[in-house]
Amino acid sequence: QDSDVSRFQNTIENIVQKFQGSSLQNHQEHKFWETQPVGQFKDLGDSSFPEGPIEQPTPLSEVKQEPYNLPTLYEWTVCDMDSDEICNEVYVLLTNNYVEDDDNLFRFNYSKEFLRWGLRPPGYFKNWHIGVRVKSSKKLVAFITAIPVKMRVRDEVVQMAEVNFLCVHKKLRSKRLAPVMIKEVTRRIHLENIWQAAYTAGILLPTPLTTCQYWHRTLNPKKLIDVGFSRLGDRMTMSRAIKLYKLPNSTATPGFRKMEIRDVPKVTILLRGYLSRFVVAPTFDDAEVAHWLLPQENVVDSFVVENSETREVTDFFSFYTLPSSILNNPNYSTLKAAYTFYHVSTKTPLLQLTQDALVIAKQKEFDVFNALDVMENEPFLKELKFGRGDGQLYYYLYNYRLRESLKPSELGLVML
Ligand code: MYA
């Protein structure tokens, strides 16, 4: 019966998306996206297409060898993230021009250490960190990146790129620079003989793999209310809110400790096992687990649960640190936010594991703890007093079609 219900929900979703799609096409064309190998709104619900690549690879010799043309005032640059100076230029561009919430109260403020972590996983390509400069002043005005990832879709592992950090300076918006940047990153990915990609965006494009939602767990109610992140509901007072969101002073799970390098092989096994349950999920090897999950101050925090007698690692939890700038507030400049990353529970209930993570995040003075409704997150969110955020996060695949869109719980992928 459950699967009937979910099939029904899927159908409804498809109808809603179809409606949004057709209304979008009436009001807004997708001049660029209509030319790309992605599912198109007009084809939604048509199950006659086979699953898998939309276009076949072309011989590498037929891939365009020279970069796409930019408007004459601009030039391409590779952003070498090893260089402090260039890393700083990227940081400044993103800090001033990257993603804002719908009300323009907050803007993501990825730290330099975070950008270096996020952009240099094992096997990364330097020339996939692409910038655009003004020729005359050399000012960095746009950016787009990709990193390699092995993604499993059902039973198939597909080498893909994850595309992220697309940003065009506010003064250069709506000049069709983004499509050129997307084509250029695509070209460089093709040159590595990779033909698929995954990406997320807060806007609806043709057409999502799934539509997810952020949930937020208040850790510092006073500040969140002061800066307009949350509001006191009816019959809620500040002192009640403080009481409601209070957390224990220490973690509850015996053997809960920071992940160490010696845990890597065990965590890899746990994570590979867990991620195999989802329809779409990355597959990580030891080197990738070490890169993505070993704790790094102010970047990523990871914990294991180790049985004190058997020394077995049974559970794992991680979150990453992504502050937001608070725009135009006289009292505060930064919102300190933690985001759930990957986790595995085999012995400790996920609810308890997450509660322990909340305790740690509170100790580390985070203001809010965010989670997506992907994987098996949904059930614990309500229990742990997360509130549903507004706005959606859409996940996309490039040049790979699935018969129908997924439920968030069928997705095992978290992107930064
Ligand atoms: S998501 C984060 C995106 N960044 C921001 O939101 C930061 C603030 N905004 C900006 O910097 C600009 O508004 C951006 C657009 C740069 C986003 N994903 O140049 P335009 C399409 C995909 O005139 P601008 C992230 O980083 C738009 O629908 N397409 O617009 C993942 C329109 O096309 P069409 C987008 O506002 C990125 C065209 O661009 C997005 O000046 C994944 C308009 O261009 C978006 N977020 O600049 C990229 N926003 O007419 C795709 C707008 O058709 C990767 N557009 O509707 C695809 C895989 C590639 C690799 C494949 C390998 C095989």
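Hydrogens, waters and symmetry mates are skipped; everything else that's a heavy atom, side chains included, is used. All residue numbers refer to positions in the sequence shown, counting from 1.
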- Within the 6.0 Å centroid threshold, strictly below: His129 and Phe165: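 No, the ring of His129 stays outside the 6.0 Å limit from the ring of Phe165, centre to centre.
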- Task: Could you tell me whether Phe316 and Tyr274 have their ring centroids closer than 6.0 angstrom?
- Result: no
Going by heavy atoms in the side chains, are [X] and [Y] under 4.5 Å from each other?
X	Y	answer
Val305	Gln352	no
Trp195	His190	yes
Asp373	Cys212	yes
Leu115	Leu94	yes
Gln355	Leu247	yes
Ile182	Ile144	yes
Leu204	Phe41	yes
Leu209	Tyr400	no

- Query: In terms of side-chain geometry, is the basic nitrogen of Glu378 or Lys407 positioned less than 4.0 Å from the acidic oxygen of its partner?
  - Reply: no
- Would you call Arg188-Glu184 a salt bridge at under 4.0 Å N-O? yes
When you look at [atom1] of [X], are more than 12 heavy atoms from neighbouring residues, nucleotides or ligands closer to it than 6.0 Å?
X	atom1	answer
Asn104	CG	yes
Lys175	NZ	no
Asn331	CG	yes
Arg231	CZ	no

[X] side chain to [Y] backbone, donor-acceptor under 3.5 Å:
X	Y	result
Glu288	Asp285	yes
Gln196	Met160	no
His291	Trp117	yes
Ser83	Ile86	yes
Gln40	Trp33	yes
Asn88	Asp84	no
Asp103	Leu105	no
Tyr395	Leu413	yes
Asn97	Lys170	yes
Tyr342	Val414	yes

- Residue of the set Lys364, Gln296, Lys258 for which side chain to side chain donor-acceptor pair (under 3.5 Å) holds with Asp301: Lys364
- Item | Test applied, side chain to side chain donor-acceptor pair (under 3.5 Å); reference residue, Asp367; option that passes from Lys336, Lys223, Lys362 |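 Per the side chain to side chain donor-acceptor pair (under 3.5 Å) rule, the option paired with Asp367 is Lys223, out of Lys336, Lys223, Lys362.
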Taking all atoms of both residues into account, what is the closest heavy-atom pair of [X] and [Y], and its distance?
X	Y	result
Leu275	Pro282	CD1-O, 3.5 Å
Leu293	Met259	O-SD, 3.6 Å
Ser230	Thr218	OG-OG1, 4.4 Å
Ala252	Asp356	N-OD1, 2.7 Å
Val304	Val313	CB-CG1, 3.8 Å
Ser345	Leu353	CB-CD2, 3.9 Å

Mind checking whether [X] and [Y] have parallel, tilted or perpendicular rings, split at 30° and 60°?
X	Y	result
Phe380	His343	perpendicular
Trp128	Phe125	tilted
Phe317	Phe369	tilted
Tyr339	Tyr214	perpendicular
Tyr394	Tyr396	tilted

- Message: With salt bridge (charged side-chain N to carboxylate O under 4.0 Å, His left out) as the test, pick out the partner of Asp82 among Arg116, Arg120, Lys112.
- Response: Arg120
- Message: side chain to side chain contact (heavy atoms under 4.5 Å, CB included), that's the test. Do Arg154 and Glu51 meet it? Break it down for me.
- Response: CA-CA 10 Å; Arg154 300 196 201 280; Glu51 288 209 333; 2.8 Å; yes
- Message: Less than 3.5 Å apart, any donor N or O on the side chain of Thr95 or Asn109 sitting next to an acceptor on the other?
- Response: yes
State the [atom1]-[atom2] distance between [X] and [Y], to the nearest 0.5 angstrom.
X	Y	atom1	atom2	result
Phe106	Glu100	CZ	CD	11.0 Å
Leu335	Arg107	CG	CZ	14.0 Å
Phe256	Ser250	CZ	OG	11.5 Å
Tyr245	Leu358	OH	CG	12.0 Å
Asp315	Leu270	CG	CG	7.5 Å
Thr77	Arg133	OG1	CZ	4.5 Å

- Item | Step-by-step side chain to side chain contact (heavy atoms under 4.5 Å, CB included) determination, Leu294 to Ile261 | CA-CA 7 Å; Leu294 280 175; Ile261 198 157; 3.9 Å; yes
- Query: Could you go step by step and tell me if Val280 and Leu402 meet the side chain to side chain contact (heavy atoms under 4.5 Å, CB included) rule?
  - Reply: CA-CA 10 Å; Val280 174; Leu402 285 187; 4.2 Å; yes
- Item | Test log, rule salt bridge (Lys or Arg N to Asp or Glu O under 4.0 Å), inputs Glu306 and Arg262 | CA-CA 12 Å; Glu306 184 184 45; Arg262 65 185 159 105; 3.5 Å; yes
- Task: Show your working on side chain to side chain contact (heavy atoms under 4.5 Å, CB included) between Tyr398 and Thr186 and close with a plain yes or no.
- Result: CA-CA 10 Å; Tyr398 184 94; Thr186 303; 3.8 Å; yes
- Message: Run the salt bridge (charged side-chain N to carboxylate O under 4.0 Å, His left out) test against Lys138 and tell me which residues pass, sequence neighbours left out.
- Response: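 By the salt bridge (charged side-chain N to carboxylate O under 4.0 Å, His left out) rule, Lys138 matches Glu75.
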